[in-house]
Amino acid sequence: MKKYLLPQNGKFYRANLHAHTNMSDGEASPELVKEVYKGMGYSIVAYTDHDILLDRSQLSDKEFLALNGYEMEINGKGTPDWSNMETCHICLIALEPDNLKQVCWHRSDYLYAHAVEYRDQIQFYEDEPDYIREYTGECISDMMKRGREHGFFVTYNHPTCSLENYTHYINYHHMHAMEMYNGAEEYNPRVYDDMLRAGKRIYCIGGDDNHNRPLPDGGCGGSWTMIKAEKLDYRTITQALLDGHFYATQGPEIRELWIEGDELHVVTSDVEKIQFIPSNRRAKRFCAEEGKCLNSAVYKMYPDSEYVRITLVDHRGRTASSNAYFRDELF
Ligand SMILES: [Zn+2]
Ligand SMILES: [Zn+2]
């Protein structure tokens, strides 16, 4: 019997899960960000301005869903010049549309750029003390845990741009997902494999981290997340995030994905390669013949593989990445 790993029913919605506006350090207004992304065929944008969580529900319509979120940064060693500083950035996306209280809030620090103008609008847990950020695995994991416990989908962002390596990210716990892609620039397959092989059960997403430089669409459309759900409704979409009903991509499409017996089947858009990457050395790669393309592949799951994930590569070198599927979810 077929077991669908991306739901059989419903529709794929194109989502940017990491976006900035001129309410922090981006160039475009929230309305223009919506216009640009709708124009590119997106249905969902998570607004994740630096350190400010504001209600964006007025932007949602029948064909567009604005998710409420914010991004926090925890800065480490390096020169004060941002370009040389180790840092960790995490996005929190509210699972409920009315969850507008920020966790890890500090009453007088961390806000910068235009975000400072909105300080008075921030809601937070008033009986909690100011949260001091430290660039340690312990503190960052605590922030991720608080985000998760207070009803947010927590993502670990752009490890490459942040100058982070294994010794940093392997100590970060409680994230739901990491950025496999950040815009058109960053692709982090090795980081994802490191995380999975260290026992973390996390998903992978793609997001632009757009700042709309230059206006109107600079930095938009580099990578995204395709979410499969029954309808474009706030809670339906955030539940699909929690359930892992999505894949990340720079262009290629995973159209269907199921397991039948011990065989994993994938149906794709036109691609040159389909790679199955398991926990161990049982990887398998299917390549199209010269001048042709592939649209499907079947992989026999080995009994000693803990999980497997799939990568597609198209003729332009763009890739797509599935989440990792673990043995106990597959069988
Ligand atoms: Zn960031
Ligand atoms: Zn960002």
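Values in this document were obtained by computation on a predicted structure and should not be read as measured data. Just follow the structure's listing: the first ligand is 1, and inside any ligand the first atom is 1.
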**Request:** Inspect the contact between R309 and D193 and indicate whether a charged nitrogen and a carboxylate oxygen are less than 4.0 angstrom apart.
**Result:** yes
**Prompt:** Any idea which N/O/S atom from D209 gets closest to the Zn ion (ligand 2)?
**Reply:** OD1
**Complete:** Among the N/O/S atoms of E71, the Zn ion (ligand 1) lies closest to OE2
**Asked** Is there a donor-acceptor contact under 3.5 Å from the side chain of S141 to the main chain of N171?
**Response** yes
**Asked** So, H89 and the Zn ion (ligand 2): N/O/S under 2.8 Å, yes or no?
**Response** no
**Message:** Using only atom types and a distance under 3.5 Å, with no angle test, would you say the side chain of N210 pairs donor to acceptor with the backbone of N212?
**Reply:** no
**Prompt:** Taking both backbone and side chain into account, is any N, O or S atom of H18 nearer than 2.8 Å to the Zn ion (ligand 2)?
**Reply:** yes
**Request:** May I ask you to check if K101 and F124 form a cation-pi contact, with NZ or CZ under 6.0 angstrom from the six-membered ring centre and within 45° of the axis?
**Result:** no
**Geometric class of the Y156/Y172 ring pair [parallel <30°, tilted 30-60°, perpendicular >60°]** = perpendicular
**Whether H158 has an N, O or S atom under 2.8 Å from the Zn ion (ligand 1)** = yes
